[in-house]
Amino acid sequence: MANALRSAKVLPNSASMEEARQRVFNFFREACRSLPSVMEIYNIYDVTSVAQLRSTVASEIRKNMHVSDPKVIDMLLFKGMEELKNVVDHSKQRHHIIGQYIVGQQEQVQDSASKDPAISPFLKNFYSSNYF
């Protein structure tokens, strides 16, 4: 799968918005085709499914749905291809994938107050700050 991904490259510039749109669809297809191998590489069958990862990829693409400049779309596609290549080439570790694409999407942030009711005010402020 990594060999097929190395041959897939984002061309320098899209001539029109329609061409950029088609490239986004091609990138999405390529990303979805690589998801089963990502599941195998990082052994995340117990944490998520291919459908949930596909939904995560789609939501990441939809975040930039408002972009209307083909050059900006090409730059975002280049960044997406780099990220996909890093994931497929195992440049990340399992906890990176889980934190960025599984837990990060579900936004499962634990409430610090429910952990220990006798927690100090200092720790409550610390947990509610940007450092945790």
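Position 1 is the first residue of the sequence, and the numbers go up from there. What you see below is based on every heavy atom in this structure, not just the backbone, and it leaves out hydrogens, waters and symmetry mates.
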For a side-chain contact (heavy atoms from CB on, under 4.5 Å) check, start with the C-alpha distance between R33 and R29, then their side-chain angles and the critical distance, and finish with the verdict. CA-CA 6 Å; R33 287 178 184 145; R29 276 189 221 108; 4.0 Å; yes
Quick one about N26 and R23 (side-chain donor to acceptor, distance below 3.5 Å, no hydrogens or angles considered), yes or no? no
Would you say the side chains of Y101 and Q52 form a donor-acceptor pair under 3.5 Å? no
Counting C-beta onward and ignoring hydrogens, is there a side-chain heavy-atom pair between V47 and R94 closer than 4.5 Å? yes
Report yes if some heavy atom in the side chain of S16 is under 4.5 Å from a heavy atom in the side chain of E19; otherwise report no. yes
Minimum-distance pair of heavy atoms, taken over all atoms of [X] and [Y]:
X   : Y   : value
M39 : V50 : CG-CG2, 3.8 Å
S68 : P70 : O-CD, 3.5 Å
M17 : V67 : CE-O, 3.7 Å
S34 : L84 : OG-CD1, 3.3 Å
I44 : L53 : CD1-CD1, 3.9 Å

Tell me whether D74 is salt-bridged to R21, with the criterion being a basic N under 4.0 Å from an acidic carboxylate O. no
Decide, yes or no, whether a salt bridge links K85 with E82 under the criterion of side-chain N to carboxylate O below 4.0 Å. no
With rounding to the nearest 0.5 Å, note down the distance linking [atom1] in [X] to [atom2] in [Y].
X    : Y   : atom1 : atom2 : answer
I102 : T48 : CD1   : OG1   : 4.5 Å
D46  : I98 : CG    : CD1   : 7.0 Å
L77  : I61 : CG    : CD1   : 8.0 Å
L76  : K71 : CG    : NZ    : 14.5 Å

What pairs of residues pass the ring pair (Phe, Tyr, Trp, His ring centres under 6.0 Å) test when at least one of them lies in residues 42-63, not counting sequence neighbours? Y42-H90
Donor-acceptor check, side chain of E83 to backbone of K79, threshold 3.5 angstrom: yes or no? no
